[in-house]
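Let me begin by presenting the structure, written as C-alpha cells, before commenting on it.
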Amino acid sequence: MTYSGAVKVGGPADVHELQDLMITKVAVGPMNNNAYLLRCRATDEQLLIDAANDAHTLITLIGDDGIASVVTTHRHGDHWQALAEVVEATGARTYAGRDDAEGIPVPTDVPVADGDTIQVGRVELTARHLVGHTPGSIALVYDDPHGHPHVFTGDCLFPGGPGRTINPADFTSLMDGLEEKVFGPLPDETWFYPGHGNDSSLGAERPHIPEWRARGW
C-alpha cells in the first residue's frame with residue numbers, strides 16, 4: 001500500500017518502505033504525537049524516534065526484536081512520556097541533543113551535536129542542531145542512496161511553518177537554522193516527518209518561507 005503519513009491515535013501505523021530502511025509511523029497520546037520506528041532492512045536493527053506516550057503501543061510496535069536506540073528530538077515533555085518505560089523494557093541506548101539532555105528526566109547515554117551521526121544497522125542518520133523551539137532540538141537526516149532524502153524534524157518544522165517559538169529571537173534562530181541546514185542543502189523532493197500531524201515535502205513548503213518570515217511564526 002502507498003504510504004500517506006496520515007495516522008491517528010488508536011489507529012493503525014503507516015509504513016514507508018524504502019530500499020534500505022523501513023519507517024513505521026504511529027500517533028500516540030493526548031497531544032497526537034508521532035513516533036517513528038526505523039528498521040534497517042539489512043540487519044533488522046531498530047531505532048525509535050520519540051518515545052512520546054503510550055508505552056504499551058510503542059513496545060508492541062517494536063516487537064520481539066527490540067530496539068538498539070531511542071532518539072528524543074527535544075526536551076518538551078510530550079515527547080518523552082514513555083521513554084523510561086521503553087528503555088526499561090528494551091535496554092536501548094538513549095540519544096538527545098546535547099543542549100536539551102538536562103531537560104529530559106531519563107539519562108541521555110549519547111549527547112548529540114550538530115553533524116553527529118547515529119547508526120541503525122547499516123543506515124546512517126545525520127543530526128542537525130536547530131535552536132529556537134528548544135535550545136537543543138535536533139532533526140535527523142537520512143540521505144537515501146537510492147532516492148531522495150528523508151528528515152525527521154521533531155517540532156522544528158511542520159506543514160505550514162516552523163515550530164512554536166516564544167520570542168522573535170528564537171523565531172529568527174529557528175528559521176535561520178532551517179534555511180541553512182534543511183532547506184538549503186536538501187532538494188525539493190526531500191520528505192519530512194514532523195513530531196505531530198501529517199508529513200510533507202520541502203518542495204511543498206519552500207515557496208512559503210517568505211510568508212513565514214513576514215508573519216513571524
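Being a predicted model, the structure only gives us computed values, none of them experimental. FYI, side chains are in, hydrogens and waters are out, and symmetry mates aren't considered; it's all heavy atoms of this structure.
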What heavy-atom pair brings Gly5 and Asp14 nearest, and what distance separates the two atoms? N-OD2, 2.8 Å

Less than 4.0 angstrom from a charged side-chain N to a carboxylate O is my criterion; do Asp188 and Arg206 meet it? yes

Is [X] atom [atom1] crowded by more than 12 heavy atoms from other residues, nucleotides or ligands, each under 6.0 Å away?
X      : atom1 : answer
His208 : NE2   : yes
Gln119 : CD    : yes
Glu179 : CD    : yes
Met31  : CE    : no

Polar side-chain atom of [X] near backbone of [Y] as donor-acceptor pair, under 3.5 Å:
X      : Y      : answer
Thr153 : Phe158 : no
Gln46  : Ile62  : yes
Thr172 : Pro168 : yes
His146 : Asp20  : no
Asp116 : Ala113 : yes

As an exercise, state the distance from [atom1] of [X] to [atom2] of [Y], rounded to the nearest 0.5 Å.
X      : Y      : atom1 : atom2 : answer
Ile59  : Ile67  : CD1   : CD1   : 8.5 Å
Ile118 : Glu124 : CD1   : CD    : 10.0 Å
Met175 : Leu157 : CE    : CG    : 8.5 Å

Check ring pair (Phe, Tyr, Trp, His ring centres under 6.0 Å) between His76 and all other residues, then give those that pass, not counting sequence neighbours. His74, His133

Tell me every residue that passes ring pair (Phe, Tyr, Trp, His ring centres under 6.0 Å) with Phe152, counting only those two or more places apart in sequence or in another chain. Tyr36, Tyr193

Considering the options Thr73, Thr108, Thr134, which one meets the side-chain hydrogen bond (donor to acceptor under 3.5 Å, both in side chains) requirement together with Asp100? Thr134

Using the side-chain hydrogen bond (donor to acceptor under 3.5 Å, both in side chains) definition, which of the options Asn34, Asp78, Asn32 pairs with His196? Asp78

Check the pair Val151, Thr190 against side-chain contact (heavy atoms from CB on, under 4.5 Å), reporting the backbone distance first and the verdict last. CA-CA 7 Å; Val151 187; Thr190 302; 3.5 Å; yes

Please walk me through it: do Asp176 and Arg213 pass salt bridge (charged side-chain N to carboxylate O under 4.0 Å, His left out)? CA-CA 10 Å; Asp176 288 350; Arg213 290 275 192 183; 2.8 Å; yes

